[in-house]
Number of protein chains: 4
Amino acid sequence: MPKLDETTQRARREHILDAAEHCFAREGFHRTSMQDICREAGVSPGAFYLYFSSKEDLIAGICEREKTALAQALASVAEAPDFMAALSQLGQTYCLEEPREKLRLHLEINAEAMRNPAIGHNVRAIDDFVAKSFERLLSDAKAKGRINPSADEATIAQIISILGDGLYLRRALDPEFDGKACMPVILSLISSLIGPVAEGTENSDKALKTDPVQVE
Amino acid sequence: MPKLDETTQRARREHILDAAEHCFAREGFHRTSMQDICREAGVSPGAFYLYFSSKEDLIAGICEREKTALAQALASVAEAPDFMAALSQLGQTYCLEEPREKLRLHLEINAEAMRNPAIGHNVRAIDDFVAKSFERLLSDAKAKGRINPSADEATIAQIISILGDGLYLRRALDPEFDGKACMPVILSLISSLIGPVAEGTENSDKALKTDPVQVE
Amino acid sequence: MPKLDETTQRARREHILDAAEHCFAREGFHRTSMQDICREAGVSPGAFYLYFSSKEDLIAGICEREKTALAQALASVAEAPDFMAALSQLGQTYCLEEPREKLRLHLEINAEAMRNPAIGHNVRAIDDFVAKSFERLLSDAKAKGRINPSADEATIAQIISILGDGLYLRRALDPEFDGKACMPVILSLISSLIGPVAEGTENSDKALKTDPVQVE
Amino acid sequence: MPKLDETTQRARREHILDAAEHCFAREGFHRTSMQDICREAGVSPGAFYLYFSSKEDLIAGICEREKTALAQALASVAEAPDFMAALSQLGQTYCLEEPREKLRLHLEINAEAMRNPAIGHNVRAIDDFVAKSFERLLSDAKAKGRINPSADEATIAQIISILGDGLYLRRALDPEFDGKACMPVILSLISSLIGPVAEGTENSDKALKTDPVQVE
DNA sequence: AATGAATGAGTATTCATTCAT
DNA sequence: TATGAATGAATACTCATTCAT
């Protein structure tokens, strides 16, 4: 019973998680049987339970990975010189280009988060992490004089999250939905929230394809 | 000749739907057994199937009710003299005051809509209905000169839906989330989208260079 | 609560029995629901139980009718001057022309007779009745010198029944089975069992399309 | 690596089939629940479905076995020097000594064959197999000059089947039925059908004019 | 570490029958 | 007499998880 060395162990877990993600995205959490996952991962049921403690544990694992991925994405935003440009990039990647499969998975996880406290905790941790990251980014930008000093970072971060979630959900539910048409408007709204942009930046012109409204 | 008169019939259906809503919100669609629903409704399994054809049929019924309720709510907005005031009222009712139970139910239905085409159809029908309703409201307002004639109704309707969905989801996932703080900002964003035209300006450039909205 | 006059009562029973026969033949006893029968008969479930005490009771009723019908058929054979001619006619009617629906019904009843003693009793009563009838017919014929006096009526009656049952079953099971080819041979076999036929009778020539066996 | 070796696998299937045969014979297909079968076989429901795909699949399995057994029995007839003696043996075994339980099972399967195409196919395959086997046996015998060359093998094979089915059915339905009394007569009938050629005669006429078998 | 056969509680739905009207 | 809504036990099959090997 010599334990598998850590890297193999981790690799096996990742492999199973991949399989589970595909299955859940394809068929949903409840319609996916453990057999499905084991078959997809090429692993025996017995082996599965060496790496995960239960079917629900898989969702925790998926959340964990999501969190790591998001952390990287947000870190890259932090390093970007232009907040709006980085945000635009993020929106592009996460709301428009993310394969629909992922969106479905997300929805599935959200639903599961309602019943399973552990998963709920995981999901909220991710959301908090994202919100806090945005807050920090906004504070930094404010400190550097790049955004309106009167803007409330916490609220703006929330709004950004809300817009992201809304876009995500819409795309998931409606295969016909065209996010590209909305994105520029959304970006301009956020832009209007965080205040004056340094002129000559590419994003303001680029992102906005609709006529923005004059705000009182 | 007893043949249940139509109103009793309908009342019984509504009663069962109420029970199902509670169960689904509490435990989720898949974790709720027919026995659970029957117990909650005080109805025998046999009787249940006199009113609904299957477990899934319940979701269709729930969607139907939702649609009717939304239609009424949106009709009242249509009659309101002030679009933004009415929208604010709607946001208050649907995004802030709606009991969390409903939010959870919503999430559950969304997840189910991904796998079950019939339910997906139902859900999309509701979403389309809402979007179209907003479009019509905006067109009316435009016709009456109350909003910026250059605003694209379809896109704005989408954005409103997205914001609504996002708020809804956020509240569902995070019991601590305080929608009240965000709502005014969100309303002002929408207001800025439909707001009165600034005369004589090529608006796209203009809008982005004006002062951002002051968030109270 | 004045009881329905006897004839209406009986007519209603017959009507329901017809419906049940169709249903059982079409779908089998177990796959037919009471609702099916009630729908087919245009009768409410409640009403059904005024005329029959249970689903199984229907089979008893069907047997009863069968018995009556067979009694008539056999009576006509008894009156026929030529036993073989009458038998040939009987075979034609019961084994070749009987609609397949009836055959299926028969099979269904046989299967049910195995489990339900009451039905078993009914079925055996019919079979005994048929056998006894044949015995009597044979005895009569023997008394009139029309058949071989050494033939054992009981055994021959059995053999006739066995051949009839076999034909019946075969036709029921195999839609392609062509009874017409076998019938003459079967008749000639029976003919050979009961001994010399009075010459000049039409039947020997008619019924037998194969060359009949000469019985000593 | 435990992966059940083929023989154990097969043995388990046989064991379950035995249990199912008993149950079906005792209670009929429809009145037997999967629990009944599992209890009788000492197997969990889950395990059952490792060996069979459905309740109906059991009947296919039973047919399969029947076919194999029949094939062996018929093969032994083929090797016998005396066709009639072999047939007599077969009749003894299959129609007289077969335990009544088997007969009931048979009846049950026949009834089921009427509604379920897959089972119907199975049953017809067996019947065809038997008929074809008899045809071949008769042809062989004819080639060896043992039977009347004018006899039509196909028809005689049919008649044999019909007699067998009839006997079978009769025994199943009537516990009092004494097949022993009929068997010799039946055999003599068959014998008269295939009987030795009278030389120099146009046999069809001849065969039928020979002495009938003396029934003891 | 890994296997995969086995478990057995759990599920949606049906249906013969009853009974208030 | 007749209705048909209501009952609730029963059923075939699934699936997360375990455990002997």
Side-chain angles (χ1 to χ4, degrees), chain A residues 1-5 8-9 12 30-39 42-58, chain B residues 1-5 8-9 12 30-39 42-58, chain C residues 1-5 8-9 12 30-39 42-58, chain D residues 1-5 8-9 12 30-39 42-58:
Chain A
M1 353 233 120
K3 238 183 190 160
L4 235 50
D5 69 292
T8 325
Q9 184 105 356
R12 202 92 92 201
H30 290 281
R31 292 200 218 281
T32 298
S33 74
M34 294 308 296
Q35 285 296 344
D36 291 338
I37 295 168
C38 290
R39 201 180 310 118
V43 148
S44 72
F48 171 88
Y49 284 91
L50 293 173
Y51 296 97
F52 294 89
S53 67
S54 71
K55 193 183 181 186
E56 303 213 321
D57 192 23
L58 282 166
Chain B
M1 331 169 160
K3 202 165 200 166
L4 239 47
D5 65 297
T8 327
Q9 187 103 355
R12 203 92 91 202
H30 290 280
R31 292 201 218 282
T32 297
S33 74
M34 294 311 295
Q35 287 295 346
D36 291 338
I37 296 168
C38 291
R39 201 180 310 117
V43 146
S44 71
F48 171 87
Y49 285 92
L50 290 174
Y51 296 96
F52 294 89
S53 68
S54 70
K55 194 182 182 187
E56 298 194 341
D57 192 23
L58 282 167
Chain C
M1 355 257 117
K3 239 182 190 160
L4 235 47
D5 69 293
T8 326
Q9 185 105 355
R12 201 92 93 200
H30 290 281
R31 293 200 217 281
T32 298
S33 74
M34 294 309 296
Q35 285 295 344
D36 291 338
I37 295 168
C38 290
R39 202 181 309 118
V43 148
S44 72
F48 171 88
Y49 284 91
L50 293 174
Y51 296 97
F52 294 89
S53 68
S54 71
K55 193 185 182 185
E56 304 212 321
D57 192 23
L58 282 167
Chain D
M1 334 175 157
K3 202 166 201 166
L4 239 47
D5 66 296
T8 327
Q9 187 103 354
R12 202 93 91 202
H30 290 281
R31 293 202 217 282
T32 298
S33 73
M34 293 311 295
Q35 288 295 345
D36 291 338
I37 296 168
C38 291
R39 201 179 308 118
V43 147
S44 69
F48 170 87
Y49 285 92
L50 290 175
Y51 296 95
F52 295 89
S53 68
S54 69
K55 194 184 182 185
E56 298 194 341
D57 193 23
L58 282 167

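Across the protein-nucleic acid pair, C:Leu50 atom CG and F:dG4 atom P stand 13 Å apart, rounded to whole Å. If you measure from atom CG of D:Asp5 to atom P of F:dT21, you get 14 Å, rounded to the nearest angstrom. Atom CG of B:Asp57 and atom C1' of E:dA12 are 14 Å apart (whole Å). Atom CZ in C:Phe52 sits roughly 16 Å away from atom C1' in E:dA16 (whole-Å rounding).
The side chain to side chain contact (heavy atoms under 4.5 Å, CB included) check on C:Ser44 picks up C:Ala47, with sequence neighbours excluded. Residues satisfying the salt bridge (charged side-chain N to carboxylate O under 4.0 Å, His left out) test with C:Glu56, not counting sequence neighbours, are D:Arg31. Residues satisfying the side chain to side chain contact (heavy atoms under 4.5 Å, CB included) criterion with B:Tyr49, sequence neighbours excluded, are B:Met34. Residues passing the side chain to side chain contact (heavy atoms under 4.5 Å, CB included) test with B:Gln9 are B:Leu4, B:Tyr51, sequence neighbours excluded. Under the side chain to side chain contact (heavy atoms under 4.5 Å, CB included) criterion, D:Ser33 pairs with D:Gln35, D:Asp36, not counting sequence neighbours.
The side chain of D:Arg12 places no N or O atom within less than 4.0 Å of a non-bridging phosphate oxygen (OP1 or OP2) of E:dA5. Phosphate contact (OP1/OP2 of E:dA2, side-chain N/O of A:Tyr51, threshold under 4.0 Å): present.
Of all heavy-atom pairs between A:Cys38 and A:Pro45, the closest is SG-CA, 3.6 Å. Among all heavy-atom pairs drawn from B:Asp57 and B:Phe52, the shortest one is OD2-CA, 3.5 Å. Listed here is the closest heavy atom pair of A:Val43 and A:Phe48: CG1-N, 3.7 Å.
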Legend entry - Contact state string [nucleotides 11-17 of chain F, B base, S sugar-phosphate only, - no protein heavy atom under 4.0 Å]: -SBBBSB
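Stem list for DNA chain F (at least 3 consecutive Watson-Crick or G-U pairs, distances under 3.5 Å): E:2-21 with F:2-21.
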